[in-house]
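The chain is numbered in sequence order, starting from 1.
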Amino acid sequence: MMLALRRACIFRALVFMAFLPPPQCTQDPAMVHYIYQRFQVLEQGLQKCTQATRAYIQDFQEFSKNISTMLGRCHTYTSEYKSAVHNLALRVERAQREIDYLEYLREADLCVESEDKMLAEKLVQEAEEEERIRTLLNASCDNMLMGIKSLKIVKKTMDTDGSWMKDAVSDSPKVYVFIGSRNNTVWEFANIRAFMEDSTKPAPRKLILTHSWQGTGQVIYKGFLFFHSQGTLNEIIKYNLQKRIVEDRMLLFGGAGRALAYQHSPSTYIDLAVDEHGLWAIHSGPGIHSHLVLTKIEPDTLGVEHSWDTPCRSQDAEASFLLCGVLYVVYSSGGQGAHRITCAYDPLGTIIEENLPNLFFPRRPRSHSMIHYNPRDKQLYAWNDGNQIIYKLQTKRKQPLQ
């Protein structure tokens with residue numbers, strides 16, 4: 001840098017000399033004196049420039065020294081800062097692991113507490129449901145089926161399918177006959193003798209319903225006829241036989257009407273039944289090898305009181321009935337041969353299927369079109385290959401609930 005300054009000063013002197021007038025042949029003392037003074041001024045300027053340059057170099061060296069010292073300190077501080085940040089990151093990571101562990105313990109406690117609470121609520125609900133079912137099925141009936149004592153063929157007709165019955169609770173001796181699996185005509189006989197003997201007076205009364213029935217699952221309960229309405233999937237009609245009007249109707253859900261209730265009863269999709277506890281409906285649940293669904297119906301309002309998915313299969317079944325709140329399903333092989341009860345379902349759990357005796361019906365050539373229990377007569381009304389049959393039953397008391 002010093003060399004550059006000197007070169008700059010010399011360059012200025014040369015420039016200055018370039019502007020001097022050309023030399024005279026004889027020296028002019030005044031001119032020489034002037035030039036000498038100008039050289040002195042230039043030397044003074046060079047000295048000042050040199051002094052300034054030296055001061056600048058000294059200041060720059062001092063500044064560089066200070067900068068180097070500060071950079072060293074910054075490097076030290078940077079290392080310390082990096083170390084502190086690294087230690088802080090380790091502490092944060094360790095704290096995060098501890099927080100995660102505590103959160104896991106808290107969630108585990110909450111899950112255990114939630115599971116315990118849900119289990120307790122489920123147990124309470126099951127206890128309440130069991131108590132509700134006991135209340136619902138609380139009737140003066142504690143009998144279970146032990147066997148079929150006898151068979152009586154009341155009458156034989158030419159119709160393969162049909163159903164016949166008396167009012168399940170009324171003292172009326174009237175007998176009602178439903179011929180076929182789809183019709184709107186009901187024959188009302190004064191009593192069972194009038195039904196057995198065509199020549200007996202009075203003649204039967206012909207009742208034309210406003211709606212047709214479907215299947216053979218009709219029942220008469222407290223003067224009302226309940227039946228599956230033809231052309232509908234799951235509509236149950238409550239028909240007033242005295243006024244000959246539709247009193248009420250309902251839709252039975254849970255897959256009702258989508259498949260046959262019994263494999264060997266090709267027209268019955270919803271089977272209605274009556275026992276000591278009231279009105280019931282039996283139908284097949286969803287699936288290819290479906291099981292029967294049992295539904296308790298309130299007859300006055302046609303409201304569903306409760307439904308149960310039973311273990312009884314609809315495959316190979318031909319009919320079923322209820323007795324004292326227990327569903328008994330009749331099975332046969334190919335609709336022929338032995339007709340026996342191999343599945344019984346008790347919503348209260350007082351009857352275990354393994355403890356049932358061998359329940360066989362007398363051999364018949366074909367499967368039953370219908371089998372219904374009458375709680376007033378304590379016997380079964382059945383239709384088999386055009387024969388109207390009464391089965392008398394043998395029963396015993398159930399085991400008391402624990």
**Student:** Restricting to non-hydrogen atoms, name the atom on Tyr345 and the atom on Pro311 that form the minimum distance, rounded to 0.1 Å.
**Tutor:** CD1-CD, 3.5 Å
**Student:** With a sphere of 6.0 Å drawn around CD of Gln40, does it hold more than 12 non-hydrogen atoms of other residues, nucleotides or ligands?
**Tutor:** yes
**Student:** Could you tell me whether a side-chain N or O of Ser290 sits under 3.5 Å from a main-chain N or O of Gly285, the two making a donor and an acceptor?
**Tutor:** yes
**Student:** Looking only at atom types and distance, does a side-chain atom of Ser265 sit under 3.5 Å from a main-chain N or O of Tyr262, one as donor and one as acceptor?
**Tutor:** no
**Student:** Do Asp275 side-chain atoms and Gly325 backbone N/O form a donor-acceptor pair below 3.5 Å?
**Tutor:** yes
**Student:** Quick one: sort the Phe321 and Phe361 rings into parallel, tilted or perpendicular, breaks at 30° and 60°.
**Tutor:** perpendicular
**Student:** Could you grab the distance from atom CG of Leu393 to atom CG of Leu145, nearest 0.5 Å is fine?
**Tutor:** 5.5 Å
**Student:** Is there a side-chain contact between Ile148 and Leu359, using heavy atoms and a 4.5 Å cut-off?
**Tutor:** no
**Student:** What I want to find out is whether Lys65 reaches Glu62 closely enough, with some N-O distance under 4.0 Å, to be called a salt bridge.
**Tutor:** no
**Student:** Rounded to the nearest 0.5 Å, what's the gap from CG on Leu71 to NE2 on His75? Could you check?
**Tutor:** 10.5 Å
**Student:** Is a salt bridge present between Arg73 and Glu80, judged by a nitrogen-to-oxygen distance below 4.0 Å?
**Tutor:** no
**Student:** Is the NZ or CZ atom of Lys166 both under 6.0 Å from the centre of the six-membered ring of Tyr381 and within 45° of that ring's axis?
**Tutor:** no
**Student:** Give me the atom names and distance for the closest heavy-atom approach of Leu252 to Ala281.
**Tutor:** CD2-CB, 3.7 Å
**Student:** Just verifying a value: how many Å separate Met165 CE and Tyr176 OH, rounded to the nearest 0.5 Å?
**Tutor:** 10.5 Å
**Student:** The test is side-chain contact (heavy atoms from CB on, under 4.5 Å); show your working for Met144 and Asp346 and say whether it passes.
**Tutor:** CA-CA 10 Å; Met144 62 176 290; Asp346 182 6; over 6 Å; no
**Student:** Would you give the length of the straight line joining atom CD of Gln315 to atom NE2 of His264, rounded to the nearest 0.5 angstrom?
**Tutor:** 8.5 Å
**Student:** Ignoring hydrogens and angles, tell me if any N or O in the side chain of Asp161 forms a donor-acceptor pair with the backbone of Ser181 under 3.5 Å.
**Tutor:** no
**Student:** Would you check if the side chain of Asn183 reaches a backbone N or O of Thr185 as a donor-acceptor pair within less than 3.5 Å?
**Tutor:** yes
**Student:** Do the side chain of Lys238 and the main chain of Phe224 share a donor and acceptor less than 3.5 angstrom apart?
**Tutor:** no
**Student:** Could you tell me whether a side-chain N or O of Asp167 sits under 3.5 Å from a main-chain N or O of Lys222, the two making a donor and an acceptor?
**Tutor:** yes
**Student:** Going through the distances and angles, do Ile245 and Glu247 end up as a side-chain contact (heavy atoms from CB on, under 4.5 Å)?
**Tutor:** CA-CA 6 Å; Ile245 60 172; Glu247 192 79 17; 4.2 Å; yes
**Student:** Considering non-hydrogen atoms only, spot the tightest contact between Lys206 and Ile208 and give its length.
**Tutor:** CE-CD1, 3.6 Å
**Student:** Does Asp316 offer a backbone N or O that forms a donor-acceptor pair with the side chain of Glu318 under 3.5 Å?
**Tutor:** no
**Student:** Would you mind reporting whether Ser314 and Leu260 have side-chain heavy atoms less than 4.5 Å apart?
**Tutor:** no
**Student:** Which word best sums up how the rings of Tyr56 and Phe60 line up, parallel for under 30°, tilted for 30 to 60°, or perpendicular for over 60°?
**Tutor:** parallel
**Student:** With distance as the sole test, does Asp377 use its side chain to make a donor-acceptor pair with the main-chain N or O of Gln379 at under 3.5 Å?
**Tutor:** no
**Student:** For the CD1 atom of Ile237 and the CD atom of Gln218, what is their distance to the nearest 0.5 Å?
**Tutor:** 11.5 Å
**Student:** side-chain contact (heavy atoms from CB on, under 4.5 Å), that's the test. Do Thr232 and Leu251 meet it? Break it down for me.
**Tutor:** CA-CA 10 Å; Thr232 67; Leu251 296 179; over 6 Å; no
**Student:** Apply ring-ring contact (aromatic ring centres under 6.0 Å, His included) to residues Tyr391 and His339 and explain how you reach the verdict.
**Tutor:** CA-CA 13 Å; Tyr391 291 108; His339 309 276; 9.2 Å; no
**Student:** Please tell me if the side chains of Phe39 and Ile35 come closer than 4.5 Å, counting only heavy atoms from C-beta onward.
**Tutor:** yes
**Student:** Would you check, one step at a time, whether the test side-chain contact (heavy atoms from CB on, under 4.5 Å) holds for His211 with Tyr239?
**Tutor:** CA-CA 9 Å; His211 293 69; Tyr239 192 87; 5.5 Å; no
**Student:** Check for a donor-acceptor pair, side chain of Arg340 on one end and backbone N or O of Thr342 on the other, with a separation under 3.5 Å.
**Tutor:** no
**Student:** Among Asn374, Val274, Leu225, find the one that has a side-chain contact (heavy atoms from CB on, under 4.5 Å) with Ile220.
**Tutor:** Leu225
**Student:** Compare every heavy atom of Phe227 with every heavy atom of Leu272, then report the nearest pair and how far apart it is.
**Tutor:** CD1-N, 3.7 Å
**Student:** Hey, what do you get for NE2 (His277) to CG (Leu323), rounding to the nearest 0.5 Å?
**Tutor:** 9.0 Å
**Student:** Could you report the tightest heavy-atom contact between Gly278 and Trp280, atom names first, then the distance?
**Tutor:** O-CD1, 3.2 Å
**Student:** On a heavy-atom basis, which atom in Gly162 and which in Thr216 lie closest, and how many Å separate them?
**Tutor:** O-CG2, 3.7 Å
